[in-house]
Each structure stands twice: as C-alpha cells, then as structure tokens.
Amino acid sequence: MMEIQQLQAIATQVRRDIVRMVSGANSGHPGGSLGCADFLTVLYFEMMKHNPNHFSMDGKEEDLFFLSNGHISPVWYSVLARSGYFPIEELATFRKLNARLQGHPSTDKKIPGVRMASGSLGQGLSNAIGAALTKKLNHDNRTVYTLHGDGELQEGQIWEAAMYAAANKVDNLIATIDYNGRQIDGDVEDVLSLGDLNGKWQAFGWEVLEMDGHSYPDLIETLSKAKSMTGNGKPIVIIMKTEMGQGVDYMVGSHKWHGVAPNVEQLQQALIQLEETLGDY
C-alpha cells in the first residue's frame, strides 16, 4: 500500500502534466481533468489490479476502467503514462495531428489502457455493463469501474443503463460520478438540475456511497468499501464531490475552465503552484 504522501506526489505531477499538455496543444479540457487527478491516481496506483506491461482488450483477471466523460482525457493519459502503459514522453503529442493521444480517447489509435472510444457523453455505463456481464460469464471475479461527469447524467442513456444494471444484478460494477457542479454552459443546477441525485440512484436500485474526491483517506476508504460491497446483487455508485480546476487557484470552481487552454503566462502561474515531483516529460 502506498503512503498518502506518495499518492499526492503522483497527483501533483499529473496535474502538472495536464496543464502542460492542454497549453501545449492550445486546446483541451483542464477543469475536470484537474478535479479528477486525485481519484484516478488512487484508482490506478492503489485500488485496481491491472497490468500495464501486458495490456489486452479483454483484461482477463484484471480490473477494468472506462472513462465515460472522455473530454477529460488529459488526466487519464497522464495517469496511464505514469502507470507505465506507454512512454511518458508521448504526452507531448497530445492533440497533435496523427498522434495517438487525441482529444477524446479512441480505440482505433491502439492506445494501451483504452478499451472504448469516449467523448460522446452517456455511453460509458452501457459499455461497462457489457464488460461486467462478460466477466460474470467468464467466471472472472474482478471489478469494472467507470467515471462520469455530473452534466453527463443529463443524457437519457445513463438512466436506461442504470435501470438495466440493477434489474440484471450487475454487482461487479462500481460507477463514480464527478460531482463538481459545473458543465460547459454553466452550473449544473442552472443548466438542468439533477435534483436528489443520491435518491435517484437508490430509486434505480443501486447501492449509493458518497466521498470527497480530494481527501485521500476518504478516497481509499470509500473505494475499499465499494469493493467490499460487490457480489451482493446490486451495482454500486459513488457520488464524488470535487472542485473543477483543483490545484490551480485561478481555475478552481469555475465552469469557464471546462474547455479552455491556459496561455503561456497562465501556464507559468499554474506551474508555480504544482511542484515537479516525478519529472516532466
């Protein structure tokens, strides 16, 4: 088990990677990426059983992860690279023509660690359910994880999939909602309120947990609890409270940084706040 300080150091470097990638491409989605850096660091470096050195699409006897809100690809690419799926230096090719690391992850690019094309919101849960059912059929007792944006829950396919998962007892599935309250057009509450989100998932037949997406003890404890609840006949969802732009003071809590790249001056302001802990690409 990693020390919390080690995990924090990884996440700080991941945040540094994110702002450098997005600024270098002058395009991308830094806000949600920064907000999910702690979660994905804990998931990949502490919770999941996975093998970066021998990636396969099937992922037999491994835990699987599906990024449904694919626009936050910078954080995922950084975590994958820092986990050993592909060379860290490849992060410099983000959103470049003919590069593998496009703005939204794509399977046709054959990126190790990526098992579905995402970015068209609402589809990740359906894909994950298929993978989870496949594991059941193959008597593979590993877990399938997903991540979704809160604004993404405005897509109807999410709720069709949620209903299906509960009805079919897909209990090897743990979905996490990045509940930062922001989406590209403004605050989620103003664009289309999600209402009682905890109650909604319960009504759809899911086990519901909540956690602070920036507290490492809470991340580890809640994800461990979710894992212990698998196999009991119900899918599990975690409502994770985060701040968009976490780690960069001028981005925190603003939907304006959902999909805007920092310029050179803004990048330098961000890098001053984010220590180089593992070495830049």
Do Met244 and Val260 sit in one hydrophobic cluster, given that two such residues count as connected whenever their side-chain heavy atoms are within less than 4.5 Å of each other, even indirectly?
no
Is it true that, when you exclude Glu3 itself, more than 12 heavy atoms of the residues, nucleotides or ligands shown sit nearer than 6.0 Å to its CD?
no
Checking side-chain polar atoms at under 3.5 Å, does Asn127 have a donor or acceptor matched by the opposite partner on Gln123?
no
Checking the side chain of His258 only, and the main-chain atoms of Arg182 only, is there a donor and an acceptor separated by less than 3.5 Å?
no
Would you kindly confirm whether Phe66 and Met47 end up in one hydrophobic cluster when ILVMFWY residues are joined by side chain heavy atoms under 4.5 Å apart?
no
Quick one: are Met211 and Phe39 in side-chain contact, heavy atoms under 4.5 Å?
yes
For Asp212, I'd like to know if atom CG has over 12 heavy atoms of other residues, nucleotides or ligands within 6.0 Å.
yes
Applying side-chain contact (heavy atoms from CB on, under 4.5 Å), run through Met57 and Thr107 and close with a yes or a no.
CA-CA 10 Å; Met57 293 296 283; Thr107 51; 4.3 Å; yes
Please determine whether a side-chain nitrogen of the Lys or Arg among Asp63 and Lys49 lies less than 4.0 Å from a carboxylate oxygen of the Asp or Glu.
no
Between Leu40 and Val14, is the side-chain contact (heavy atoms from CB on, under 4.5 Å) condition met? List the steps.
CA-CA 10 Å; Leu40 282 174; Val14 167; over 6 Å; no
Without swapping roles, check the side chain of His148 against the backbone of Gly124 for a donor-acceptor pair under 3.5 Å.
no
Within a 6.0 Å radius of atom CG on Asp196, are there more than 12 heavy atoms belonging to other residues, nucleotides or ligands?
yes
Is it the case that Asp280 and Gln13 place a side-chain donor and acceptor less than 3.5 Å from each other?
yes
Using a 6.0 Å cut-off, check whether atom NZ of Lys256 has over 12 heavy atoms from anything other than its own residue.
no
So for atom NZ, which belongs to Lys136, do other residues, nucleotides or ligands contribute more than 12 heavy atoms lying within a distance under 6.0 Å?
yes
Looking at Asn141, Asn172, Asp140, which hits side chain to side chain donor-acceptor pair (under 3.5 Å) with Lys135?
Asp140
How close do Val22 and His29 get, heavy atom to heavy atom, and via which atoms?
CG2-N, 4.2 Å
Salt bridge check: are Asp38 and Arg15 linked by an N-O gap of less than 4.0 Å?
yes
Working for side-chain contact (heavy atoms from CB on, under 4.5 Å), residues Leu80 and Phe65
CA-CA 11 Å; Leu80 287 173; Phe65 172 74; over 6 Å; no
Considering residues, nucleotides and ligands other than Glu221, do more than 12 of their heavy atoms fall under 6.0 Å from its CD?
no
Between Tyr77 and Phe94, how do the two ring planes meet: parallel, tilted or perpendicular, split at 30° and 60°?
perpendicular
Taking atom NZ as the centre, does Lys169 end up with more than 12 heavy-atom neighbours from other residues, nucleotides or ligands that are less than 6.0 angstrom away?
no
Quick one: pull up CD1 in Ile239 and OG1 in Thr222 and give me the separation to the nearest 0.5 Å.
12.0 Å
Taking everything shown except Phe86 itself, do over 12 heavy atoms lie less than 6.0 Å from its CZ?
yes
Here the gap from Ile111 atom CD1 to Phe55 atom CZ, rounded to the nearest 0.5 Å, amounts to 9.5 Å
Considering all heavy atoms, the nearest Ala81-Pro87 contact
CB-O, 4.3 Å
Stepwise side-chain contact (heavy atoms from CB on, under 4.5 Å) check, Glu207 with Asn232
CA-CA 10 Å; Glu207 296 282 8; Asn232 290 321; 5.9 Å; no
To check you understand the geometry: which heavy-atom pair defines the closest contact between Gln102 and Arg95, and what is its length?
C-CG, 4.4 Å
Co-membership, hydrophobic cluster, residues Met21 and Ile88, 4.5 Å side-chain
yes
Between Asp185 and His255, what is the shortest heavy-atom contact and its length?
C-CD2, 4.0 Å
Smallest separation among heavy atoms of Glu152 and Gly122, with atom names
OE2-N, 2.9 Å
Treat each ILVMFWY residue as a node, draw an edge where side-chain heavy atoms are under 4.5 Å apart, and state whether Met2 and Val42 are in one component.
yes
In terms of relative ring orientation, are Trp201 and Trp159 parallel, tilted or perpendicular, with 30° and 60° separating the classes?
tilted
Could you tell me which non-hydrogen atom of Lys241 sits nearest to which non-hydrogen atom of Tyr179, and how far apart they are?
CD-O, 3.3 Å
